[in-house]
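Start at 1 with the first residue, then count along the sequence.
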Amino acid sequence: MQIRPAHTSDIKGIRQLIDSYSPQGRLLTKETVTLYESVQEFTVAIEGNDVVGCGALHVLWEDLAEVRTVAVNEKLRGQGIGHQILESIISRAEEIGIKRLFCLTFETEFFGRHGFQVIEGTPVAPEIYAELLRSYDAGVAEFLDLESVKPNTLGNTRMLKEL
């Protein structure tokens, strides 16, 4: 098993993972072009020539980023692959100066084991809140808990980790 930054050739495997979780509403689907545009955000788990896990780090602000699209092949869940991917994402976040990581998830126990805590409201200063409002990114809207994204169509939980 190898954990590494994603290559453009990994997008088809990432697409398959997303497609295996999105029909049940466990992950939001993404357009393939969006996956290629954000390939540099992804970390993948590779077994042989196959992508068996993925996750992304999406920067929202100077000290804030979102963990997105964490998925592991259903047959390989429970083997620590997701933990390895998340630890790699956390390390990368620390390397680039991120102080807080946000996620929107159903897997609260998994993220909780990595120090994420359930949040209410928006844990940013008013001036940063005003700047973030200018973003068109759906993740920013979820982080800010904006009415425009309510009701939470998936019913998942907002969590934050201080680094």
Residues that R4 engages under side chain to side chain contact (heavy atoms under 4.5 Å, CB included), provided they are two or more places apart: Q2, H7, D10, V44, I46

So salt bridge (Lys or Arg N to Asp or Glu O under 4.0 Å) across residues 32-59, not counting sequence neighbours, yields none

For E95, side chain to side chain contact (heavy atoms under 4.5 Å, CB included) partners two or more places apart: R92

Between I85 and I3, is any pair of side-chain heavy atoms under 4.5 Å apart? yes

Are L104 and L86 connected in the hydrophobic side-chain network, where two residues link if heavy atoms are under 4.5 Å apart? no

Non-hydrogen side-chain atoms of L64 and K99 separated by less than 4.5 Å: no

Can you pull out every ring-ring contact (aromatic ring centres under 6.0 Å, His included) where at least one residue sits in residues 67-97? Sequence neighbours excluded, please. H83-F110, H83-H114

Give the cluster check for V70 versus M1: same hydrophobic cluster or not, with ILVMFWY residues linked at side-chain heavy-atom distances below 4.5 Å. yes

Taken to the nearest 0.5 Å, the spacing of I11 CD1 from I14 CD1 works out to 4.0 Å

Using the test side chain to side chain contact (heavy atoms under 4.5 Å, CB included), find all partners of T69 that sit at least two apart in sequence or belong to another chain. I18, L27, K30, F42, C54

Do W61 and V67 belong together in a cluster built from hydrophobic side chains that touch within less than 4.5 Å? no

ILVMFWY clustering at 4.5 Å (side-chain atoms), partners of V33: none

Within the supplied structure, the quantity of interest is the number of heavy atoms (other residues, nucleotides, ligands) at a distance under 6.0 Å from E109 CD; does it exceed 12? no

So V51 and L17, do their side chains get closer than 4.5 Å, heavy atoms only? yes

Could you walk me through whether L160 and F116 pass the side chain to side chain contact (heavy atoms under 4.5 Å, CB included) test, one step at a time? CA-CA 5 Å; L160 190 72; F116 285 78; 5.7 Å; no

Say you draw a straight line from CD of Q24 to CZ of R26; how long is it, rounded to the nearest 0.5 Å? 5.5 Å

Spacing of CD1 belonging to I89 relative to CZ belonging to R68, to within rounding of 0.5 Å: 12.0 Å

Gap separating the OG atom of S38 from the CG atom of L57, nearest 0.5 angstrom: 11.5 Å

Qualifying residues under side-chain hydrogen bond (donor to acceptor under 3.5 Å, both in side chains), relative to N73, sequence neighbours excluded: none

Can you tell me how far the CG atom of D63 sits from the CD atom of E162, to the nearest 0.5 Å? 8.5 Å

Can I90 be reached from I81 by stepping across I, L, V, M, F, W or Y side chains whose heavy atoms are under 4.5 Å apart? yes

Could you state the interatomic distance from NE2 (H58) to CZ (F102), rounded to the nearest 0.5 Å? 11.0 Å

Pair listing, salt bridge (Lys or Arg N to Asp or Glu O under 4.0 Å) test, anchored in residues 77-89, at least two apart: E74-R77, R77-E107

Sorted by chain and residue number, the side chain to side chain contact (heavy atoms under 4.5 Å, CB included) partners of S22 (sequence neighbours excluded) come out as D19, T29

Counting only heavy atoms not in E94, do more than 12 sit closer than 6.0 Å to its CD atom? yes

Determine whether M159 and I119 make a side-chain contact, defined as any pair of heavy atoms from C-beta on separated by less than 4.5 Å. no

Test item: I98 and L163 side chains (from C-beta on) under 4.5 Å apart, heavy atoms: yes

Can you confirm whether V118 sits close enough to R158 that some side-chain heavy atom of one is under 4.5 Å from a side-chain heavy atom of the other? no

